[in-house]
**Student:** 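This structure is in structure tokens; I'll ask about it shortly.
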Amino acid sequence: SVGMLLDPAVAAERTFALNWKVRGETLRAKDGFPLQIFAIPAARDSVRRAPCLLVLSPADTVTTTDSLVTALALAGHPVALLAPRGTLGSLGPGAYGPEAWSGQEARFDAVTATDAGWVMDALGKRPEFGREPWIVGAVGERATVALAVARARRNVSALLLVAPRVPLVEIAEYRARLRTLKTRAFVQVSPEEPVSLEFGDLLARDTAPGQVRVADSGLAGRGVAIFRGDPKVAARLLAWLEERRATK
């Protein structure tokens with residue numbers, strides 16, 4: 001019975017890994033904590049573009065990112081998937097599951113932002129990722145982490161927020177910080193993520209013209225799986241990435 005549930009998922013993950021030569025590996029953070037990442041190089045025949053770091057949510061698996069990762073890699077963007085502490089293989093003292101951070105959201109954001117920056121620096125030494133600036137993506141409640149990374153580093157050109165979920169009471173502060181930062185942001189939502197659609201609308205309401213783009217797939221899909229519904233969803237993102245930066 002267990003095999004019936006796990007075997008298809010393992011097979012899909014293996015196929016995805018083989019097709020894109022995904023390198024699942026563990027990097028040690030500054031304090032020694034094991035961080036699991038998956039590094040996907042850009043397609044060989046593509047024009048090299050900015051690398052993308054995607055911070056996964058607790059509900060994500062590697063295979064749910066397949067459509068988004070494939071679109072980015074084919075367009076020349078190498079991608080790194082980061083499992084924050086307490087998720088997937090990023091398990092260790094103090095964080096053996098997502099529940100370890102309950103009631104400590106601010107600390108989690110700070111720790112994960114630091115880990116993300118360290119991973120970006122480590123990957124930046126590799127030929128396939130040695131290019132700046134970065135695109136920083138986040139799924140679900142990890143949207144707050146993406147902003148924290150952009151605020152902490154100067155080598156972030158754009159944010160990709162997939163089905164973002166930010167507490168209503170924190171939206172005004174999030175928007176103010178993003179407006180001050182002037183970093184462009186792409187918000188991808190779907191009909192199954194109404195909270196994210198509201199967040200995107202509120203985010204775009206009081207930021208610089210063109211700084212925030214909200215895209216609704218119009219199709220079923222939750223989290224990063226939104227990109228599986230229609231190739232046009234990823235095509236809009238890629239077109240946006242090629243646009244000129246918003247006027248500052």
Side-chain angles (χ1 to χ4, degrees), residues 8-9 11-22 38-82 134-143 146 157-166 184-205 207 210-246:
E13 191 166 308
R14 184 179 295 112
T15 299
F16 176 57
L18 290 174
N19 287 343
W20 281 105
K21 298 181 179 179
V22 178
F38 298 87
I40 302 96
R44 286 187 178 181
D45 57 350
S46 63
V47 177
R48 283 291 305 280
R49 291 182 169 84
C52 176
L53 176 74
L54 184 64
V55 182
L56 301 175
S57 77
D60 289 323
T61 64
V62 176
T63 51
T64 56
T65 69
D66 54 3
S67 294
L68 173 58
V69 168
T70 297
L72 288 170
L74 288 175
H77 299 278
V79 183
L81 308 177
L82 169 61
W134 283 72
I135 301 161
V136 175
V139 187
E141 58 267 53
R142 302 309 187 219
S157 63
L159 299 183
L160 168 60
L161 308 178
V162 183
R165 290 188 291 277
V166 175
R184 295 199 306 155
F186 189 94
V187 183
Q188 181 62 59
V189 299
S190 77
E192 292 188 69
E193 299 280 4
V195 174
S196 301
L197 178 58
E198 181 181 13
F199 169 76
D201 289 341
L202 292 173
L203 200 62
R205 189 171 297 176
T207 46
Q211 183 181 1
V212 176
R213 177 75 58 81
V214 182
D216 186 349
S217 73
L219 300 172
R222 291 181 177 274
V224 74
I226 292 173
F227 287 88
R228 287 178 164 180
D230 188 340
K232 293 180 181 178
V233 178
R236 283 195 293 267
L237 167 62
L238 295 174
W240 178 83
L241 289 173
E242 291 301 302
E243 292 177 4
R244 295 180 60 182
R245 302 182 68 180

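Every heavy atom of this structure was used, including side-chain atoms; hydrogens, water molecules and symmetry mates were not.
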**Student:** To check you understand the geometry: which heavy-atom pair defines the closest contact between L159 and A146, and what is its length?
**Tutor:**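 Closest pair (atom of L159, atom of A146, distance): CD2-O, 3.6 Å.
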**Student:** Would you call H77 and I135 a side-chain contact if the rule is heavy atoms closer than 4.5 Å?
**Tutor:**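 Contact flag for H77/I135 side chains = yes.
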**Student:** Report the C-alpha separation of I226 and V189 in whole Å, then their side-chain angles, then the decisive distance to 0.1 Å, and conclude whether the side-chain contact (heavy atoms from CB on, under 4.5 Å) test is met.
**Tutor:** CA-CA 7 Å; I226 292 173; V189 299; 5.5 Å; no
**Student:** Please report the closest heavy-atom contact between D216 and P191, naming both atoms and the distance.
**Tutor:** OD1-CD, 3.6 Å
**Student:** State which residue, out of T70, L72, V162, fulfils the side chain to side chain contact (heavy atoms under 4.5 Å, CB included) condition with F227.
**Tutor:** V162
**Student:** Do the non-hydrogen side-chain atoms of E193 and P164 ever get within less than 4.5 Å of each other?
**Tutor:** no
**Student:** Could you pull out the closest heavy-atom pair between G221 and E192, with the gap in Å?
**Tutor:**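 In this case the closest contact between G221 and E192 is N-OE2, 2.5 Å.
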**Student:** Measuring from atom CZ of F186 to atom CG of L238, what distance do you get when rounded to the nearest 0.5 angstrom?
**Tutor:** 9.0 Å
**Student:** Any idea which heavy atoms bring P58 and R142 closest together, and the distance?
**Tutor:**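 Heavy-atom minimum between the residues: CG-NH2, 3.2 Å.
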**Student:** With side chains defined as the heavy atoms from C-beta onward, is the minimum distance between R49 and E242 less than 4.5 Å?
**Tutor:** yes
**Student:** Mind checking the CD-CG spacing from Q211 to L203? Nearest 0.5 Å is all I need.
**Tutor:** 8.0 Å
**Student:** Hey, are the side chains of E243 and R213 touching, using non-hydrogen atoms and a 4.5 Å cut-off?
**Tutor:**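 The answer is yes; the side chains approach within 4.5 Å.
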**Student:** Please name the pair of heavy atoms, one in R184 and one in L241, separated by the smallest distance, quoted to 0.1 Å.
**Tutor:**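 Looks like NH2-O, 3.6 Å.
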**Student:** Name the one of L68, L160, L56 that satisfies side chain to side chain contact (heavy atoms under 4.5 Å, CB included) with V224?
**Tutor:**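 So, applying the side chain to side chain contact (heavy atoms under 4.5 Å, CB included) to V224 and each of L68, L160, L56, only L68 qualifies.
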**Student:** When rounded to the nearest 0.5 angstrom, what is the spacing between CG in L197 and CD in Q188?
**Tutor:**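 Reported to 0.5 Å precision, the distance equals 10.5 Å.
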**Student:** Can S196 and R165 be said to form a side-chain contact (heavy atoms from CB on, under 4.5 Å), step by step?
**Tutor:** CA-CA 6 Å; S196 301; R165 290 188 291 277; 4.1 Å; yes
**Student:** With a 4.5 Å cut-off on side-chain heavy atoms, are D230 and S217 touching?
**Tutor:**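 Heavy-atom side-chain distance check fails, nothing below 4.5 Å.
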**Student:** If we only count heavy atoms from C-beta on, is the V69 to L81 side-chain gap below 4.5 Å?
**Tutor:** yes
**Student:** Identify the heavy atoms of D66 and R228 that sit nearest to each other, and give their distance.
**Tutor:**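 Reported closest heavy-atom pair: OD1-NE, 3.0 Å.
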**Student:** So, the side chain of D201 versus the backbone of E198: is there a donor-acceptor pair under 3.5 Å, distance only?
**Tutor:** no
**Student:** Please report the C-alpha distance between F199 and L161 in whole Å, then the side-chain angles of each, then the deciding distance to 0.1 Å, and finally whether the side-chain contact (heavy atoms from CB on, under 4.5 Å) criterion is met.
**Tutor:** CA-CA 11 Å; F199 169 76; L161 308 178; 4.1 Å; yes
